[in-house]
Amino acid sequence: MSDTKQTTLARMREGQSGIVVQIQGGRGLVNRLNGLGIVPGKKITKISSMVMRGPVTIEVDRARVAIGFGMASRVIVKTD
Amino acid sequence: MKILLMGNPNVGKSAFFSRLTGVRVVVSNYPGTTVSYTRGSMKLGDEIAEVIDAPGTYTLEPTSEAEEIAQKLLDSGDIVVNVVNATNLERNLYLTLQLLERGIPVVVALNMWDDTKHLGIDIDRDKLGALLGVPVIPTVAVTGEGIKELVENIPRATSPHTPARSRGERWAAVGGIIEKVQHIGHRHHRWFEHLADASVKPLTGGIMALVVLAGSFMLVRFIGESLISYVFNPLFNNLWSPVVLNLSNLMGGGGFFHDIVVGKLIGGEVDFVQSFGLLTSGLYVPFAMVLPYIVSFYLVLGILEDTGYLPRLAVLMDTIMHRLGLHGYAIIPTLLGLGCNVPAVLSTRILESKRERFIAATLISIAVPCAALQAMILGLVGAQGWQYVAMVYGTLFLVWIILGVILNYTVRGFSPELLIEIPPYRLPPWRTVLQKLWMRTYGFLVEAIPIILGAVVAINILYYFGVFNAIANFTAPVVTGLLGLPKEAITALAVGFLRKDVALGLLAPLGLSAGQLVVGSVVLAMSFPCIATFVVLLRELGILNMLKAAGIMIVAALIVGGILNLIL
């Protein structure tokens with residue numbers, strides 16, 4: 001119904017931006033991401049990802065944050 | 001009165017602490033430099049106030065031990081100086097609001113204020129102060145700007161009695177404040193921001209890591225060797241040697257006291273490595289063999305820490321470190337371990353789970369040789385040829401990997417994934433680099449010299465009374481049978497418990513072959529950590545896990561030593 005689509009942080013392309021929609025994880029994960037400002041509604045940009053399911057680097061609130069691949073797969077993002 | 005410095009990781013709390021109290025602490029450019037807390041005091045009017053530098057924390061819902069410490073400190077404080085990174089106000093204000101909800105009086109320091117200008121960030125500090133209901137002062141802790149104003153405002157800290165909010169409400173409140181006080185103008189990417197991103201991409205990042213690590217290693221060796229060849233060796237050989245020889249003649253050239261003070265003369269000459277007296281090896285080992293490498297290692301490490309490169313190395317190493325049951329950030333304690341295992345084991349607190357901390361601490365104490373031991377390896381084994389030094393390092397590296405993989409499979413529990421903030425690159429401030437270098441070098445001197453001198457005296461006395469012979473005969477089956485070393489080498493292994501540098505020095509007079517030196521170095525590096533590391537392991541892991549680590553240590557050292565003995 002809209003021209004935007006949902007994906008995960010892990011699957012985004014380098015340089016792509018989007019809005020965090022949801023974090024599919026337990027309290028622990030939500031807690032840790034919350035501290036770094038990765039919460040639903042936040043705009044993020046993917047900077048890079050390492051090979052072999054390595055960590056994903058994003059920009060959030062003008063800060064760079066590196067997130068393990070498994071965690072990044074559980075962050076649902078609505079891309080621009 | 002107790003003043004707590006609190007804020008997100010890597011916002012400059014420790015730089016602040018140094019400014020307020022004059023107490024020197026280690027300041028770096030990566031989250032998690034401070035894993036424990038430091039106390040100091042400052043004059044506030046007529047009163048002396050206690051100042052506490054808390055570890056950085058993102059929220060008051062702790063996710064690591066360092067954050068738990070910060071949380072506990074909060075209950076004991078009277079006033080919080082909330083250090084905020086002005087270039088990243090949104091995220092930092094979350095903690096500020098949480099602190100205000102706690103009802104503790106707060107002053108906000110808008111630190112890194114100088115950076116906001118060239119980043120095109122404009123913050124209305126008066127409006128921010130009015131909205132938060134507490135004093136807000138722009139500061140630059142590294143240069144001291146704004147510190148005076150901040151101190152004047154500490155007595156004005158207030159608690160505006162903010163009601164408790166839910167997480168969503170708090171973020172909404174942060175958003176509301178940001179909208180009113182912060183304006184972001186156009187900003188152009190600076191050249192080093194592109195460099196910053198290149199260092200976390202697989203190809204460019206990998207190349208950069210190789211260049212940085214190889215360059216660092218060469219720089220450490222170059223500075224270390226230069227100090228030895230051009231400063232310390234000339235001093236000892238040309239100036240000190242004649243003095244000691246004269247003293248030796250005065251003392252009659254031998255006897256109990258002569259052997260303690262001067263040691264054994266080799267061919268009528270002083271041999272600083274082999275003589276093993278207080279004034280010969282007792283001074284030469286710490287000052288001319290180890291100190292040069294301590295200085296060069298910590299200078300290079302300090303520069304690396306302050307540029308902000310280490311968290312990027314953590315991202316690159318993450319996939320490999322997962323095979324060892326760790327995540328990428330464990331590379332930081334590991335690198336610190338190449339200097340000294342004590343702060344390295346302490347800094348494993350930046351890791352989240354008990355399992356990771358156990359694996360990291362065990363791997364460090366077994367497979368990561370400290371700078372003092374490395375200096376001796378380079379000095380003694382290096383004299384036999386560089387291929388042997390390569391063998392020692394190669395073996396330890398393999399042990400690190402293999403042992404890590406084994407621990408990953410056998411230690412129960414799970415290791416969380418990497419989640420770190422990557423700070424911007426900065427030019428290392430020379431003041432903090434030199435200050436850190438001095439603190440760490442001074443730390444080595446006051447901790448190592450008394451132990452080294454004491455060990456030299458004790459060893460000479462025990463030799464004199466033949467105590468080591470009795471022990472040597474008892475342990476000969478292991479030392480000679482398994483490791484292929486002369487039975488007297490047990491002295492070195494035993495002394496390794498005190499200090500590894502003296503211990504390796506004890507192998508020098510035994511006339512070992514190059515292969516035996518390799519075995520000896522590896523076994524010394526892997527077997528019992530020095531007593532200082534032992535104490536930290538006990539404190540950080542608890543007695544049960546410390547015993548486990550020690551058990552793994554002995555078994556691994558004997559197996560690897562035995563295998564090397566068979567090969568070499």
Side-chain angles (χ1 to χ4, degrees), chain A residues 8-77, chain B residues 8-10 57-64 67 85 87-95 119 121 167-168 170-172 174-175 178 184 187 193 196-206 308 311-312 314-320 322 327-329 352 416-424:
Chain A
T8 68
L9 203 50
R11 275 196 297 232
M12 281 169 79
R13 281 180 284 109
E14 268 182 26
Q16 204 174 20
S17 298
I19 307 279
V20 176
V21 177
Q22 192 200 348
I23 290 152
Q24 291 181 330
R27 258 193 59 160
L29 178 63
V30 173
N31 250 343
R32 292 183 67 200
L33 292 175
N34 175 63
L36 287 157
I38 302 163
V39 289
K42 196 59 76 82
K43 186 181 154 103
I44 51 112
T45 306
K46 182 157 169 178
I47 304 290
S48 68
S49 53
M50 296 299 297
V51 287
M52 292 174 68
R53 300 164 72 84
V56 171
T57 307
I58 63 166
E59 184 178 310
V60 51
D61 290 340
R62 291 184 316 286
R64 299 274 193 277
V65 175
I67 306 175
F69 189 89
M71 288 185 182
S73 312
R74 298 203 234 154
V75 178
I76 312 296
V77 180
Chain B
N8 284 186
N10 211 36
T57 179
Y58 291 109
T59 72
L60 295 180
E61 300 134 5
T63 55
S64 72
E67 291 193 346
N85 177 354
T87 68
N88 192 345
L89 197 56
E90 291 94 323
R91 213 215 25 237
N92 282 256
L93 277 183
Y94 185 85
L95 178 68
L119 287 172
I121 301 168
R167 197 174 280 164
R170 207 173 291 132
W171 278 115
V174 169
I178 288 293
I184 297 182
R187 63 180 286 248
E193 279 172 47
D197 290 341
S199 56
V200 287
K201 287 178 182 170
L203 183 66
T204 45
R312 292 168 171 86
V315 172
L316 278 163
M317 294 289 291
D318 189 57
T319 313
I320 298 170
H322 269 289
H327 65 58
Y329 220 40
E352 295 85 355
E417 283 188 279
L418 182 76
L419 181 65
I420 52 164
E421 186 179 353
I422 302 177

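Throughout, a chain's letter reflects where its sequence line sits, starting with A, and its residues are numbered from 1.
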Quick one: sort the B/Y94 and B/W171 rings into parallel, tilted or perpendicular, breaks at 30° and 60°.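 B/Y94 and B/W171: parallel rings.
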
Kindly indicate whether the side chain of [X], heavy atoms from C-beta on, has any atom under 4.5 Å from the side chain of [Y].
X: A/M52; Y: A/F69; value: no
X: A/I67; Y: A/I38; value: yes
X: A/L36; Y: A/V60; value: no

Option in A/G54, A/P40, A/G41, A/G37 with maximal non-hydrogen atom pairs under 4.5 Å from chain B: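 Heavy-atom pair counts peak at A/G37.
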
Pair count under 4.5 Å, heavy atoms only, with chain B: among A/S49, A/G68, A/A66, highest is A/A66

Output for pair (B/I422 CD1, B/N10 CG), nearest 0.5 Å, gives 12.0 Å

Contacting moiety of [X], where chain A heavy atoms sit under 4.5 Å:
X: B/E352; result: side chain
X: B/T87; result: backbone
X: B/L89; result: backbone
X: B/R312; result: neither

Is A/V39 in contact with chain B via its backbone, its side chain, both, or neither, using a 4.5 Å heavy-atom distance?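 Looking at A/V39, just its side chain touches chain B.
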
So for A/L33, is it side chain, backbone, both, or neither that comes closer than 4.5 Å to the heavy atoms of chain B? both

Give the member of B/T319, B/D318, B/V200, B/L203 that has the highest number of heavy-atom pairs under 4.5 Å with chain A. B/V200

Most chain A-contacting option - heavy-atom pairs closer than 4.5 Å, from B/H322, B/E90, B/H327: B/E90

Would you find more than 12 non-hydrogen atoms of other residues, nucleotides or ligands less than 6.0 Å from A/R53 atom CZ?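 Result for CZ/A/R53: open.
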
Could you tell me whether B/R91 and B/E421 have a side-chain N and a carboxylate O separated by less than 4.0 Å?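 Looking at B/R91 and B/E421, the cut-off is met.
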
